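Notes follow once the structure below has been shown.
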Amino acid sequence: MTTRVIIVDDQAMVRAGFAALLAAQSDIDVVGEAPDGAQGVELSRRTHPDVVLMDVRMPEMDGLEAARRLLDPPTGVTHRPRVLMLTTFDVDDYVYEALRAGASGFLLKDAPPADLIAAVRVVASGDALLAPSVTRRLIADFAKQRPAARGKPALRLKGLTERETEVLTLVARGQSNGEIARTLVLAEQTVKTHVSRVLTKLGLRDRAQAVVFAYESGLVAPGE
């Protein structure tokens with residue numbers, strides 16, 4: 001199955017380079033490019049991509065607002081692509097907000113070509129791009145600046161079983177399903193089932209939102 005991708009970035013050379021790299025893959029089809037968030041949203045609504053590569057800083061409409069519009073569309077719009085944010089270290093706060101909005105992760109713009117290709121495939125498969133340690137540091141850093149939530153987020157944790165709570169804790173610490181399986185001495189498929197149930201019970205879209213929720217609810221404290 002071919003993954004349909006659009007690239008939203010205000011730098012023409014970046015768009016061209018990413019497009020050429022991805023289009024060379026037999027399982028990826030680049031169906032469009034846009035120079036800013038507003039045009040990116042319009043292009044996505046027209047072409048229905050599986051994944052949107054979204055730069056953070058752009059004129060007219062930045063990537064954060066564009067991601068919000070794509071992931072929380074108005075009534076009547078049913079298509080919701082996966083959004084992979086493209087960023088640099090100096091815009092970490094934007095990335096945190098993008099994860100809260102429902103983006104499936106982020107990738108540094110100077111990452112190796114193989115990482116970009118792998119990231120598109122990971123996100124298209126329905127997973128979140130949370131493996132790099134920099135992602136864990138980023139989320140922990142911003143959770144540290146925000147007090148743990150009280151009320152509804154914390155109460156929602158009570159709907160989880162003890163095992164599901166353990167799994168969510170390890171997801172928030174950046175562990176993969178395989179690592180969680182080894183930590184808890186479970187089959188990896190069992191871990192996948194627990195993760196799926198956690199997302200369903202908490203009304204979360206993917207692992208990225210689960211990590212943010214775990215910090216904001218107070219389940220996981222920065223630095224643990």
Side-chain angles (χ1 to χ4, degrees), residues 1-71 73 79-139 141 174 176 205-208:
M1 182 176 177
T2 301
T3 297
R4 295 166 56 83
V5 177
I6 67 171
I7 302 166
V8 186
D9 193 296
D10 62 329
Q11 298 179 49
M13 290 185 65
V14 171
R15 295 197 307 273
F18 284 177
L21 177 66
L22 294 173
Q25 311 307 309
S26 60
D27 60 336
I28 297 175
D29 186 13
V30 178
V31 296
E33 303 173 26
D36 61 61
Q39 292 186 54
V41 171
E42 191 278 330
L43 177 63
S44 178
R45 300 261 165 84
R46 190 172 71 248
T47 60
H48 291 187
D50 301 300
V51 177
V52 176
L53 285 179
M54 182 79 73
D55 188 22
V56 171
R57 287 182 172 174
M58 292 179 290
E60 303 300 327
M61 180 188 294
D62 66 23
L64 178 57
E65 178 58 27
R68 286 194 185 111
R69 296 192 184 193
L70 289 177
L71 297 169
H79 178 253
R80 292 206 319 169
R82 297 277 173 174
V83 176
L84 178 61
M85 304 301 295
L86 300 169
T87 186
T88 54
F89 280 110
D90 64 335
V91 289
D92 285 347
D93 200 13
Y94 282 88
V95 177
Y96 178 87
E97 295 300 334
L99 291 175
R100 293 188 66 190
S104 293
F106 79 99
L107 187 71
L108 298 177
K109 294 178 79 171
D110 60 356
D115 286 3
L116 173 64
I117 296 167
V120 169
R121 289 172 176 155
V122 166
V123 170
S125 73
D127 207 346
L129 194 68
L130 287 173
S133 60
V134 64
T135 309
R136 299 195 291 272
R137 291 199 303 271
L138 179 150
I139 295 175
D141 181 52
S176 66
R205 186 176 184 187
D206 55 28
R207 295 171 82 97

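Quick caveat, the model's predicted, so the values are computed rather than measured. Computed over heavy atoms, backbone and side chain alike; hydrogens, waters and symmetry mates excluded.
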* **Electrostatic pair Arg57-Asp10, nearest N-O below 4.0 angstrom** =>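 Looking at Arg57 and Asp10, the cut-off is not met.
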
* So does Arg68 pair up with Glu65, basic N to acidic O under 4.0 Å? ->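 The answer is yes: the pair qualifies as a salt bridge.
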
* To do: Could you tell me whether a side-chain N or O of Glu42 sits under 3.5 Å from a main-chain N or O of Ala38, the two making a donor and an acceptor?
  =>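 Judged by distance alone, no pair lies under 3.5 Å.
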
* Backbone N or O of Leu43 within a donor-acceptor pair of the Thr47 side chain at under 3.5 Å? ->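 Yes; judged by distance alone, with no hydrogens or angles, the pair exists.
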
Quick one, [X] and [Y] - any side-chain contact, counting heavy atoms below 4.5 Å?
X	Y	value
Val51	Arg4	no
Ser104	Val83	no
Arg80	Pro73	yes
Ile28	Thr2	no
Val52	Val8	yes
Leu22	Leu53	yes
Met61	Arg69	yes
Val5	Pro49	no

* Asked: For residues 4-49, which residue pairs qualify under ring pair (Phe, Tyr, Trp, His ring centres under 6.0 Å), counting only residues two or more places apart or in two chains?
  ->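 Sorted pair list: His48-His79.
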
* Quick one: which residue pairs count as a salt bridge (Lys or Arg N to Asp or Glu O under 4.0 Å) with a foot in residues 13-27, not counting sequence neighbours? =>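 Applying salt bridge (Lys or Arg N to Asp or Glu O under 4.0 Å) to every pair that reaches into residues 13-27, excluding sequence neighbours, yields Arg15-Glu33, Asp27-Arg121.
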
Identify the heavy atoms of [X] and [Y] that sit nearest to each other, and give their distance.
X	Y	value
Met85	Ala103	CG-CB, 4.0 Å
Pro81	Leu71	O-CD2, 3.3 Å
Val30	Ala19	CG2-O, 3.8 Å

With rounding to the nearest 0.5 Å, note down the distance linking [atom1] in [X] to [atom2] in [Y].
X	Y	atom1	atom2	value
Leu86	Gln11	CG	CD	10.5 Å
Ser125	Met1	OG	CE	11.5 Å
Leu116	Gln25	CG	CD	9.0 Å

* **Trace of the side-chain contact (heavy atoms from CB on, under 4.5 Å) decision for Asp62 with Val56** => CA-CA 6 Å; Asp62 66 23; Val56 171; 5.9 Å; no

* **Audit row: Leu84, Met54, side-chain contact (heavy atoms from CB on, under 4.5 Å) steps and yes/no** => CA-CA 6 Å; Leu84 178 61; Met54 182 79 73; over 6 Å; no

* Mind running side-chain contact (heavy atoms from CB on, under 4.5 Å) on Val120 and Thr3 for me, showing each step along the way? => CA-CA 8 Å; Val120 169; Thr3 297; 4.2 Å; yes

* Trace of the side-chain contact (heavy atoms from CB on, under 4.5 Å) decision for Leu21 with Ile117 -> CA-CA 8 Å; Leu21 177 66; Ile117 296 167; 3.9 Å; yes

